[in-house]
**Q** 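Dropping the structure in here first, questions after.
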Amino acid sequence: MSRGPELIITEKDNAARRIADILSGESAAADRMNDVNVYEWGGKRCIGLSGHVVGVDFPAEYNDWRDVEPVELIDAPVTKTPTQEGIVAALRRLARNASRVVIATDYDREGELIGKEAYELVREVNEDVPVDRVRFSSITENEVQEAFANPDDLDFELAAAGEARQTIDLTWGAALTRFLSLSARQLGDDFISVGRVQGPTLKLIVDREREIQAFDPESYWELTGELAKSSGDPFEARYFYLNDEGNERERVWDEAVADTLTEALAAADGATVDDVTRRTQTDDPPTPFNTTAFIRAAGSLGYSAQRAMSLAEDLYTAGYVTYPRTDNTVYPEDLEPEELIADLGDSPTFGEDAASLLDEDRDIEPTEGDEETTDHPPIHPTGELPAAADLSDDEWEVYELIVRRFFATCADPATWERLRVVALANGEATPIAERADGLAALRDAEDAAKPADLTADGGLRLKANGKRLLEAGYHEVYPYRSSDERIVPDVEVGETLALSGRTTEAKETQPPRRYGQSRLIEEMEKRQLGTKATRHRTIEKLYDRNYVESDPPRPTRLAEAVVEAAEEFADRIVSEEMTAQLEEDMAAIAAGEKAYDEVTEASRELLSRVFDDLTDSREAVGDHLQTSLKADKTLGPCPECGSDLLVRKSRQGSYFVGCDGYPDCEYTLPLPSTGKPLLLDETCEEHDLRHVKMLAGRKTFVHGCPQCKADEADEQEDEVIGVCPDCGEGAASPRDGDGETADAGGELAIKRLRSGSRLVGCTRYPDCDYSLPLPRRGEIEVTDERCEEHDLPHLRIHSGDEPWELGCPICNYREFTARQEGSELQAVEGIGEKTAAKLKNAGVDGVDELKSADPDDLAADVDGVGADTVRDWQAKAD
DNA sequence: GCAAGGTC
């Protein structure tokens with residue numbers, strides 16, 4: 001047997017480094033191999049992978065979408081190939097002479113699969129080396145030592161469960177994605193995708209939109225009044241009644257009833273306290289952060305799911321917080337909250353709060369959530385303190401959130417005093433039912449939502465709910481949850497209160513709200529769609545595929561069409577059932593009750609049946625998708641030919657409005673150069689075109705009707721700034737030879753083109769085509785300063801916060817072209833900006849001159865450059 | 001170029 005070192009393999013570099021530190025007592029030395037860290041100490045070496053270093057795919061002959069029928073993918077072989085070549089090569093090299101291999105990947109299903117992938121790479125180069133598996137759910141001294149003292153075997157069945165998922169996801173996803181894309185002739189970047197996770201997620205969004213569309217608002221009324229003690233602030237109280245089931249209701253669904261109640265309330269001049277209830281309520285501190293809870297909390301601070309995760313990853317990489325992708329909501333046993341709080345207390349920001357937590361005369365027992373898993377600890381600060389200056393504002397805000405959440409989980413519950421007061425409006429002796437014509441009849445006809453008894457006690461009931469914070473508890477350290485009080489004064493039964501400020505508000509029931517990103521992630525988690533590491537990315541993917549727009553995400557017509565097509569022919573791909581079934585099958589494989597082949601074969605069989613139906617409807621599906629795609633891009637009628645005006649993308653990647661009748665109709669309108677256009681439902685009354693919003697992150701703005709904008713631009717007159725150097729007064733030689741003289745007097749003007757771009761051009765265009773470019777963005781200001789050489793005013797550009805000086809447009813253009821020539825040299829490997837400038841000083845302006853120069857002469861003229869270097873450049877420039 | 005899952 002080989003006597004080489006022992007090799008430990010982890011899932012990521014970060015874990016490798018920390019495990020090496022623990023096992024070596026911080027004596028491990030880091031070395032680089034193929035850009036990968038290898039930690040080495042006393043006969044052991046440790047390498048971190050980067051998650052999956054091999055990926056599943058079809059063999060190359062299936063690559064061309066047009067050469068392969070999507071249905072062929074169902075039974076196509078699925079192969080594994082290295083995706084991280086450097087890491088795989090390093091792993092093979094290290095494994096070759098290893099005397100023992102220990103797999104120390106994450107303690108979850110995917111970690112087992114990643115471990116098995118590493119195992120297979122090891123076996124390729126070393127058939128005999130013993131391979132062990134260690135499992136730990138947090139990288140702490142105790143857990144790691146314990147795990148390495150009791151090694152186990154790889155669980156090949158658990159890994160096979162993961163492989164079944166890979167195969168099923170690939171075959172269903174690829175076959176159906178290609179089918180939809182081909183049927184709608186959407187190839188290239190604009191393919192139409194579906195998958196086990198993105199499908200049901202998209203359906204959640206589309207279903208919610210359908211509910212909103214179908215929503216029929218109902219009117220109702222709410223009555224309030226203000227009550228007050230003789231000397232005291234008024235407090236709001238709301239009318240309520242008991243329905244037939246005896247439940248309290250505030251909404252009055254009938255206008256006649258509301259009118260009668262309003263009258264009765266107006267007639268009352270006071271109210272008598274009928275009931276007072278006091279109770280204390282405990283408000284428990286929040287549970288530790290897992291990924292979903294973190295995304296939600298960051299979402300309420302205004303961060304998108306994607307942004308929140310990216311910031312948390314930065315904080316993790318910098319060592320300030322623990323691993324941000326976790327399902328766990330229970331801190332590990334060996335976490336020492338007191339120590340951690342004390343460490344964080346060294347920060348000026350957290351010092352006081354830390355002290356108050358430690359000061360309390362009690363044991364700190366952190367809260368626990370329902371979810372306890374083996375993958376990683378909940379997200380918490382590591383105790384390593386960043387200086388506020390080390391972090392961006394956003395990073396700091398998220399870091400503070402994580403610290404305060406940790407504090408909150410170690411803090412006391414808050415307690416509230418709840419006070420409920422019910423008062424009867426007085427001054428109304430007559431039962432209301434007798435005053436209101438036909439009210440009794442109304443009551444009989446209405447359903448259970450109507451007032452059962454408006455007047456049981458000879459008056460209207462009003463209620464007020466007050467809350468007062470008795471013990472702030474965790475709110476002291478965690479200000480992200482509301483601790484607002486609602487003050488209702490102490491009153492006694494029988495006490496008379498003044499009644500004023502009566503209002504009757506007419507309201508309507510509201511449709512359900514769209515899912516925000518964090519709500520969507522919560523819904524996905526509830527349905528087991530995706531994982532902690534992928535849910536936010538799935539949402540991002542829906543944006544990329546033009547399935548949703550704006551925030552909260554709204555589905556496009558394309559998304560509706562995809563969901564409709566799937567519902568009709570491939571319901572599984574948009575149903576959460578597919579994941580539920582897969583989870584069940586994976587559990588069965590992991591338990592040894594089913595085999596990988598059995599599960600994947602059954603899945604392929606199901607997919608075949610889906611394709612039986614689908615293939616016949618290829619054209620219908622394709623047409624429907626294409627119609628929807630067009631609807632997403634249609635603004636309204638073309639003023640020249642009546643066809644549809646569509647948002648289009650130029651070859652350069654910029655957006656513009658063009659006619660569907662092209663090439664017969666060449667009508668176009670410009671769109672702003674920043675952002676991605678989103679068509680709003682709002683339509684321009686004059687041109688019947690949908691308004692356009694430009695989505696550009698924080699710089700998002702509403703452009704409005706593109707026709708109106710183009711008309712406005714047309715109305716702006718050219719602004720003359722000087723004389724044309726080519727054909728203007730005193731020009732050395734008029735350009736055109738048709739007898740025109742310099743006296744024709746061409747002038748230079750700032751011109752605004754319909755495309756939205758601007759330039760300095762000659763007023764005699766097209767007879768004279770002298771022109772100078774201007775920046776695309778910003779307002780152009782013509783200043784009083786003048787260029788003496790060219791007799792033109794200096795220009796100033798207003799864009800962003802600070803205006804900048806463009807100066808004389810001719811000088812500016814000369815500098816620009818000079819820089820361009822400099823950069824031509826920079827295209828040669830080894831020549832940077834400074835060297836290019838030096839070469840230029842030596843008279844070498846372009847690549848051609850460089851190639852024709854004598855190496856020795858040139859080297860003599862340029863500081864720090866030898867003749868061999870010049871020859872080297874000349875060789876590379878060829 | 002397809003999925004979903006790791007990681008950066």
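Below, chains carry the letters A, B, ... as their sequence lines are ordered, and counting in each starts from 1.
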**Q** Please classify the nucleic acid contact of Asn63(A) as base, sugar-phosphate, or nothing, using heavy-atom distances under 4.0 Å.
**A**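 The residue Asn63(A) makes base contact.
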**Q** Remember a base hit wins even if backbone is also touched, and classify Asn14(A) as base, sugar-phosphate or nothing at under 4.0 Å, heavy atoms.
**A**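 Touches nothing.
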**Q** Do any of residues 601-628 of chain A sit with a heavy atom less than 4.0 Å from DNA chain B, and if so which?
**A**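 Residues of residues 601-628 of chain A that come under 4.0 Å of DNA chain B do not exist, since none gets that close.
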**Q** According to side-chain hydrogen bond (donor to acceptor under 3.5 Å, both in side chains), does anything in residues 51-69 of chain A pair up with another residue at least two apart or in another chain? List the pairs.
**A**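 Residue pairs passing side-chain hydrogen bond (donor to acceptor under 3.5 Å, both in side chains), neighbours aside: His52(A)-Glu110(A), His52(A)-Glu117(A), Glu69(A)-Arg618(A).
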**Q** Categorize Asp190(A) for me: base, sugar-phosphate, or nothing, with a 4.0 angstrom heavy-atom threshold over every strand shown.
**A**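 No contact.
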**Q** Tell me whether the count of non-hydrogen atoms from other residues, nucleotides or ligands lying under 6.0 Å of CZ in Arg527(A) goes above 12.
**A**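 Yes, because the 6.0 Å sphere around CZ of Arg527(A) holds more than 12 heavy atoms from other groups.
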**Q** Base, sugar-phosphate, or nothing: which does Tyr323(A) touch, judged by heavy atoms less than 4.0 Å apart?
**A**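 If one applies the 4.0 Å heavy-atom cut-off, Tyr323(A) turns out to touch the sugar-phosphate alone, with no base involved.
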**Q** Phe58(A) or Leu529(A): which one's nearest nucleotide on DNA chain B is closer to the 5' end?
**A**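 Upstream on the strand: Phe58(A).
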**Q** Does Lys532(A) form a salt bridge (charged side-chain N to carboxylate O under 4.0 Å, His left out) with Asp375(A)? I'd like the steps, not just the answer.
**A** CA-CA 11 Å; Lys532(A) 65 229 170 186; Asp375(A) 55 354; 2.8 Å; yes
**Q** Let me know, please, whether Gly188(A) or His52(A) comes out on the 5' side of the other along DNA chain B by nearest nucleotide.
**A**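 Nearer the 5' end of the strand: Gly188(A).
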**Q** Classify Ser50(A) by what it touches in the nucleic acid, base, sugar-phosphate, or nothing, heavy-atom distance under 4.0 Å.
**A**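 Here Ser50(A) touches the bases of the nucleic acid.
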**Q** Thr374(A): what forms a side-chain contact (heavy atoms from CB on, under 4.5 Å) with it, not counting sequence neighbours?
**A**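 Thr374(A) satisfies side-chain contact (heavy atoms from CB on, under 4.5 Å) with Tyr107(A), Ser137(A) only.
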**Q** Is Gly530(A) touching bases, backbone alone, or none of the nucleic acid, heavy atoms closer than 4.0 Å?
**A**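 The residue Gly530(A) makes sugar-phosphate contact but no base contact.
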**Q** Go through DNA chain B in 5' to 3' direction and return only the first and the last nucleotide with some atom under 4.0 Å of chain A's heavy atoms.
**A**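 Going 5' to 3' along DNA chain B, contacts run dG1(B) to dC8(B).
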**Q** Just checking Arg545(A): base, sugar-phosphate only, or nothing, at a heavy-atom cut-off of under 4.0 Å?
**A**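 Since only primed, P, OP1 and OP2 atoms lie under 4.0 Å of Arg545(A), the category is sugar-phosphate.
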**Q** For Arg109(A), check side-chain hydrogen bond (donor to acceptor under 3.5 Å, both in side chains) against everything at least two apart and list the hits.
**A**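 side-chain hydrogen bond (donor to acceptor under 3.5 Å, both in side chains) check on Arg109(A) returns nothing, list empty.
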**Q** Which part of the nucleic acid, if any, lies within contact of Leu176(A), taking any heavy atom under 4.0 Å across all strands shown: a base, the sugar-phosphate backbone alone, or nothing?
**A**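 Leu176(A): no heavy atom of the nucleic acid under 4.0 Å.
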**Q** Using a heavy-atom cut-off of 4.0 Å across all strands, would you classify Arg178(A) as base, sugar-phosphate, or nothing?
**A**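 Base contact.
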**Q** Once salt bridge (Lys or Arg N to Asp or Glu O under 4.0 Å) is applied, do any residues pair with Glu112(A), and if so which ones, sequence neighbours excluded?
**A**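 Partners of Glu112(A) by the salt bridge (Lys or Arg N to Asp or Glu O under 4.0 Å) criterion, ordered by chain and then number, come out as Arg133(A), Arg135(A).
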**Q** Please work out if Gln84(A) contacts a base, only the sugar-phosphate, or nothing of the nucleic acid, heavy-atom cut-off 4.0 Å.
**A**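 The answer is base, as Gln84(A) lies within the cut-off (heavy atoms under 4.0 Å) of a base atom.
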**Q** Pick base, sugar-phosphate or nothing for Val194(A), based on heavy-atom distances below 4.0 Å to the nucleic acid.
**A**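 Counting heavy atoms under 4.0 Å across all strands, the contact made by Val194(A) is with sugar-phosphate only.
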**Q** Does atom CZ of Arg296(A) have more than 12 heavy-atom neighbours, drawn from other residues, nucleotides or ligands, at distances under 6.0 Å?
**A**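 12 or below, so no.
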**Q** Do Phe156(A) and Tyr119(A) have ring centres separated by under 6.0 Å?
**A**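 Phe156(A) vs Tyr119(A): aromatic centres under 6.0 Å.
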**Q** Determine, step by step, whether Asp169(A) and Arg196(A) satisfy the salt bridge (charged side-chain N to carboxylate O under 4.0 Å, His left out) criterion, reporting the C-alpha distance in whole Å, the side-chain angles of both residues, the deciding distance to 0.1 Å, and the verdict.
**A** CA-CA 7 Å; Asp169(A) 281 341; Arg196(A) 176 180 57 84; 2.6 Å; yes
